[in-house]
Enquirer: 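For reference, the structure I am asking about is given below.
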Amino acid sequence: MGKTTFGKGCHLHLIDGSAFIFRAYHALPPLTRKSDGLPIGAVSGFCNMLQRYVEDSTGDDAPTHVAVIFDKGSHTFRNDMYDQYKANREAMPEDLRPQIPLTRQATLAFNIACEEMEGYEADDIIATLSCQAREAGGRVTIISSDKDLMQLVGDGVEMLDAMKNKRIDREGVFEKFGVYPDRVVDVQALAGDSVDNVPGAPGIGIKTAALLINEYGSLEDLLERADEIKQPKRRQTLIDHRDQIELSKKLVQLDCDTPLTFTLDDLEVKEPDPDKLMPFLAEMEFRTLTKRIADKLGVEAPVVADAPAPAAESPEQAADAPDFAKANYECIRDAKALQGWIERIREVGHVAVDTETTGLNEMTADLVGISLCVDAGHACYIPLTHKDGNADDLFGSDTLLEGQMPLQEALDLLKPVLEDESVLKIGQNMKYDAKIFARNGVQVAPVDDTMLMSYALHGGLHNHGMDALSERYLGHTPIPIKPLLGSGKSAITFDRVPIDDAVPYAAEDADITLRLWQMFKPRLHAAQVTTVYETMERPMIPVLARMEMQGIKVDRDTLSRMSNAFSQKMAALEDEIHTLAGESFNVGSPKQLGEILFDKMNMPGGKKGKTGAYATGVDVLEDLATEHELPARVLDWRQVSKLKSTYTDALQTHINDETGRVHTSYSIAGASTGRLASTDPNLQNIPVRTEEGRRIREAFVAEKGNVLVSLDYSQIELRILAHVADIPELKQAFADGVDIHALTASEMFDVPLEDMTPDIRRQAKAINFGVIYGISGFGLARNLRIPRAEAQGFIDRYFERFPGIRTYMDDTVAFAKEHGHVQTLFGRVIHTPEINAKGPHAGFAKRAAINAPIQGTAADVIRRAMVRMPAALADSPARMLLQVHDELLFEVPEDGADALIDTARGVMENAADPAVQLSVSLSVDAGRGANWAEAH
DNA sequence: CTAGAGCGCTCG
DNA sequence: GTACGAGCGCTCTAGC
């Protein structure tokens with residue numbers, strides 16, 4: 001959208017943000033956010049007022065430009081003139097303070113410009129903009145009832161009292177002050193203002209002031225001719241307090257020359273953006289407003305957390321729940337019994353749900369039974385497809401056991417509750433169960449997930465599996481599954497477990513899940529991670545479930561042909577290696593290889609590790625390869641072997657028979673930093689760095705008529721580093737689109753950019769990444785294969801040029817030591833329990849603590865983008881398929897690729913808004929093609 | 001025969 | 001003794 005230049009015919013609206021906030025605050029009872037008790041009344045009122053404003057400002061008189069203007073900081077140039085200015089002002093109420101930044105976020109969420117200037121009051125900014133707009137020939141409406149702004153009225157500038165819906169023009173000002181706008185400051189200077197602590201002339205109010213000004217024409221003339229005033233007392237007052245009156249005029253006179261960092265053109269009215277607005281409203285848990293605005297915009301309202309936080313629950317109360325030994329676990333075998341449970345679920349409004357299936361892979365596992373729990377200690381299991389587990393028949397009997405409800409009947413009864421917006425479904429690793437249900441025609445929503453709650457609360461502390469959580473937080477060891485299923489070749493699937501054994505095991509899982517939920521729910525707020533959970537954990541469940549079920553098409557023939565080629569190559573290399581070694585051995589055994597290299601052939605540098613085996617990693621072999629043929633051939637063999645075993649062979653086994661596609665599974669709570677991890681198979685480590693490896697990606701293809709589209713963040717971690725460590729040079733480089741590694745090299749080695757050599761740049765690149773990883777001389781030396789002292793020299797030089805980096809690292813480690821955790825820009829907490837350890841552990845923990853906020857913030861950003869993507873692409877045929885940390889891969893009909901890139905890039909580049917104002921922009925590169933190699 | 005540790009290599 | 005964060009295939013060994 002091109003910007004129009006502000007001028008004749010334009011209409012500027014300026015909203016007095018502070019007035020909105022205070023009015024909202026005082027007009028509403030002290031509302032709090034249900035899930036965590038955050039005071040939210042003023043924000044709620046503010047949003048309602050903004051919404052009403054937006055709705056009202058349509059039609060002929062609609063603004064072309066608009067901004068909400070806020071005060072910033074308490075010290076302004078007026079305090080420099082008069083230290084008592086606004087000194088009487090009451091301190092801001094405690095429950096209002098945390099709402100102030102939220103109103104800024106709200107404004108941005110409404111897609112309205114939001115402006116403030118350090119050292120200036122909002123009124124000065126409004127004055128300056130009014131003057132500028134008037135000079136450009138435009139009209140101005142100031143939305144405020146602040147009388148201090150009335151001096152600006154006239155010549156196309158009006159005020160609008162939003163509350164009374166009353167327009168104030170020149171005549172309106174005259175009514176209020178008895179003078180026209182150009183003399184308002186004179187009147188105010190005389191009358192003073194007790195609220196703002198403007199002294200004025202004692203004993204003179206607005207009426208007297210207006211009288212005097214009208215008689216003498218202006219304040220200056222009045223003071224000049226004060227001796228002519230007839231009333232002796234009034235005369236003396238004006239003469240005695242002349243200085244004070246002149247000071248007062250300066251205090252009330254608004255500054256039309258505020259140095260603005262933006263222009264009128266930046267304030268152009270923008271369409272509301274549901275992708276910004278809806279998530280914010282949902283985050284604030286404004287149910288009614290969210291729905292009303294969603295209807296207005298014609299979008300689907302996001303799920304707003306519905307469950308009120310249970311009254312602050314102490315561990316003692318949790319202990320009041322029935323002992324697990326006394327728990328009552330029922331087996332549900334008919335519709336009547338199930339209906340009773342459903343009624344109870346509706347009464348309470350939430351239920352813990354768990355599914356039992358025939359396997360761990362959600363895309364192939366079949367539903368065997370469902371457990372439910374509404375009250376701690378009272379759960380049920382509904383067996384559905386249990387079969388005879390007797391080993392008489394080698395393949396078991398396929399006849400269903402008696403005493404089970406038909407699967408479809410149970411699903412039909414449960415579906416309305418599981419899909420009911422007003423019933424919260426609680427699970428442990430709910431994505432698994434949601435996918436199982438989805439494959440059975442039930443779209444479970446809304447959901448809570450105890451695994452993700454634990455992750456938001458305790459990321460980095462321990463894993464978040466149910467067994468561990470139960471042990472740790474409930475002091476109860478769950479019934480192990482092993483004895484029921486067996487292990488190894490003789491293992492059976494859950495449908496072969498006798499129902500009597502299945503009931504206590506399955507029902508207990510739901511019971512545990514409910515108890516964990518009751519314990520975690522209030523703790524989210526106490527730990528201030530409710531927003532993290534609500535915006536970056538919970539909403540990932542449906543998004544990832546959809547992606548995983550979508551899968552990506554992988555061409556088996558391509559992989560198979562590659563496998564054959566690799567086999568031949570490996571065999572040839574193996575022969576060569578055996579000949580070079582003079583004997584036959586297993587090339588794939590590092591132990592045997594080490595013995596050949598260092599014992600038999602006596603090559604230099606043999607170092608044994610802790611297990612007594614020689615190290616034969618790539619570093620070692622690369623060094624030896626410069627002198628010897630054998631290690632070089634082993635490296636070749638290893639590359640091919642890796643490609644074949646991990647990729648071309650293993651990947652084929654993951655192609656789903658029904659869909660012909662590969663369905664990975666993302667673990668949301670796996671990585672401590674907030675990153676996702678892809679498993680079964682891992683599609684986040686498909687080769688790309690070598691030409692040969694990259695060819696694996698040719699097997700990842702789009703369906704006929706479609707293309708794969710890849711969008712990836714450019715240098716996101718370095719950008720975040722530049723922001724958090726506040727490095728002006730790096731920020732500037734990103735703003736200018738300069739090659740960041742070249743710039744670093746230029747700064748460090750004093751080489752002009754135009755004289756940059758690839759080698760110097762390469763070293764700088766290594767240092768840039770090293771910094772993100774918590775740099776050490778040793779590590780850099782090893783990476784660059786240079787002496788340690790030289791590497792240390794580089795690092796010293798780097799810190800010298802970018803001192804902010806050193807400060808960031810020191811501050812981060814100090815924060816971790818004090819709090820036991822670090823945080824991302826979005827509030828994700830990453831615990832660092834080892835940070836105060838002694839010995840070598842300390843180094844690890846320090847570097848991890850330095851890296852975590854950077855990697856974690858990047859992870860948060862892409863999570864936010866992913867959460868917003870479905871709504872943004874609601875009208876698009878595009879499907880999101882994969883996430884690879886800083887990349888999203890989509891599949892779309894060819895003719896939809898351009899639109900997709902446009903939309904998805906917008907979502908990704910703005911994913912930090914409105915929660916965090918980054919001082920660097922995010923940039924997204926896009927590619928497309930018939931396969932992943934072409935698209936990347 | 002199986003589970004788990006260790007190594008090595010793939011990705012961002 | 002070291003770069004940060006992950007997952008997985010292979011080999012080897014301890015122990016059933």
Side-chain angles (χ1 to χ4, degrees), chain A residues 459-460 482 486-491 585-594 607 609-621 634-635 637-651 653-654 664-667 670-690 692-694 696-697 712-713 715-718 721 766-784 788 791 795 830 839-856 858-859 862 882-887 936:
Chain A
K482 263 271 188 62
S487 68
K489 272 190 176 163
S490 61
F585 71 101
N586 184 350
V587 184
S589 164
K591 183 168 169 261
Q592 292 178 36
L593 176 66
K607 277 209 187 84
K610 44 192 151 189
T611 54
Y614 290 110
T616 66
V618 64
D619 293 358
V620 179
L621 263 45
V634 171
L635 284 171
W637 183 91
R638 280 199 185 155
Q639 192 200 0
V640 181
S641 161
K642 177 78 178 181
L643 292 177
K644 178 171 153 59
S645 66
T646 309
Y647 299 105
T648 58
D649 286 354
L651 223 37
T653 70
H654 282 100
T664 184
S665 179
Y666 290 99
S667 63
S672 61
T673 54
R675 271 194 179 183
L676 300 179
S678 161
T679 65
D680 308 305
N682 180 354
L683 295 186
Q684 290 180 323
N685 70 347
I686 304 301
V688 70
R689 288 174 190 170
T690 66
E692 192 152 32
R694 189 157 50 237
I696 305 279
R697 296 186 174 220
D712 68 293
Y713 284 106
Q715 306 286 9
I716 187 167
E717 293 193 352
L718 277 174
L721 175 71
I767 297 164
N768 273 336
F769 279 106
V771 165
I772 290 175
Y773 298 153
I775 202 157
S776 77
F778 186 93
L780 185 65
R782 212 185 53 168
N783 191 281
L784 286 175
R788 187 170 169 173
I795 294 170
I830 299 151
H841 283 305
F844 278 112
K846 262 191 194 174
R847 291 191 297 270
I850 290 164
N851 173 261
I854 301 168
Q855 188 183 116
I862 198 165
L882 300 178
Q883 188 250 45
V884 192
H885 309 308
D886 63 359
E887 172 188 7
H936 188 77

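Just the heavy atoms: all of them, side chains too, but no hydrogens, waters or symmetry mates, feed the values below. Each chain gets a letter, A, B and so on, in the order the sequences are listed, and its residues count up from 1.
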Enquirer: Pick base, sugar-phosphate or nothing for Gln592(A), based on heavy-atom distances below 4.0 Å to the nucleic acid.
Expert: sugar-phosphate
Enquirer: Touch check for Ser776(A), heavy atoms < 4.0 angstrom, all strands: base, sugar-phosphate only, or nothing?
Expert: base
Enquirer: Going by side-chain hydrogen bond (donor to acceptor under 3.5 Å, both in side chains), name the residues that satisfy it together with Tyr614(A), two or more places apart in sequence or in a different chain.
Expert: Asp599(A)
Enquirer: Which pairs with one or both residues in residues 674-685 of chain A pass salt bridge (charged side-chain N to carboxylate O under 4.0 Å, His left out), sequence neighbours excluded?
Expert: Arg675(A)-Glu717(A)
Enquirer: What pairs with Lys644(A) under salt bridge (charged side-chain N to carboxylate O under 4.0 Å, His left out), at least two apart in sequence or on another chain?
Expert: Asp649(A)
Enquirer: One character per nucleotide, please: for nucleotides 1-10 of chain B, 5' to 3', B when the base has a protein heavy atom closer than 4.0 Å, S when only the sugar-phosphate does, - otherwise.
Expert: -SS--SSBBB
Enquirer: Could you go over nucleotides 13-16 of chain C and give all protein N or O partners under 3.5 Å, atom names and distances?
Expert:
none

Enquirer: Check side-chain contact (heavy atoms from CB on, under 4.5 Å) between Ser589(A) and all other residues, then give those that pass, not counting sequence neighbours.
Expert: Asn586(A), Lys591(A), Gln592(A)
Enquirer: For the helix from dC1(B)-dG15(C) to dG12(B)-dC4(C), figure out the bend between the end axes, five pairs an end, and round to 10 degrees.
Expert: 0°
Enquirer: At under 4.0 Å, does any side-chain N or O of Arg675(A) touch on OP1 or OP2 of dG5(C)?
Expert: no
Enquirer: Considering residues at least two apart in sequence or located in another chain, which fulfil the salt bridge (charged side-chain N to carboxylate O under 4.0 Å, His left out) criterion with Arg782(A)?
Expert: none
Enquirer: At 4.0 Å (heavy atoms only), tell me whether Phe844(A) reaches a base, stays on the sugar-phosphate, or touches nothing.
Expert: sugar-phosphate
Enquirer: Within this structure, what is the CG-to-P distance between Leu882(A) and dG7(C), rounded to whole angstrom?
Expert: 16 Å
Enquirer: Name all residues meeting the ring-ring contact (aromatic ring centres under 6.0 Å, His included) criterion together with Phe769(A); count only those two or more places apart in sequence or in a different chain, and write none if there are none.
Expert: His741(A)
Enquirer: Could you work out, with side-chain hydrogen bond (donor to acceptor under 3.5 Å, both in side chains) as the rule, every residue matching Ser490(A), not counting sequence neighbours?
Expert: none
Enquirer: The side chain of Val884(A) lies closest to which of these nucleotides: dG12(B), dA3(C), dG7(C)?
Expert: dG12(B)
Enquirer: With sequence neighbours left out, write down each residue that passes ring-ring contact (aromatic ring centres under 6.0 Å, His included) with Phe585(A), or none if nothing qualifies.
Expert: His578(A)
Enquirer: Which residues satisfy the ring-ring contact (aromatic ring centres under 6.0 Å, His included) test with Tyr773(A), sequence neighbours excluded?
Expert: none
Enquirer: To the nearest Å, give me how far apart NZ (Lys846(A)) and P (dG1(C)) are.
Expert: 18 Å
Enquirer: Sort out for me which residue in Ile696(A), Val884(A), Thr646(A) forms a side-chain contact (heavy atoms from CB on, under 4.5 Å) with Ile686(A).
Expert: Ile696(A)
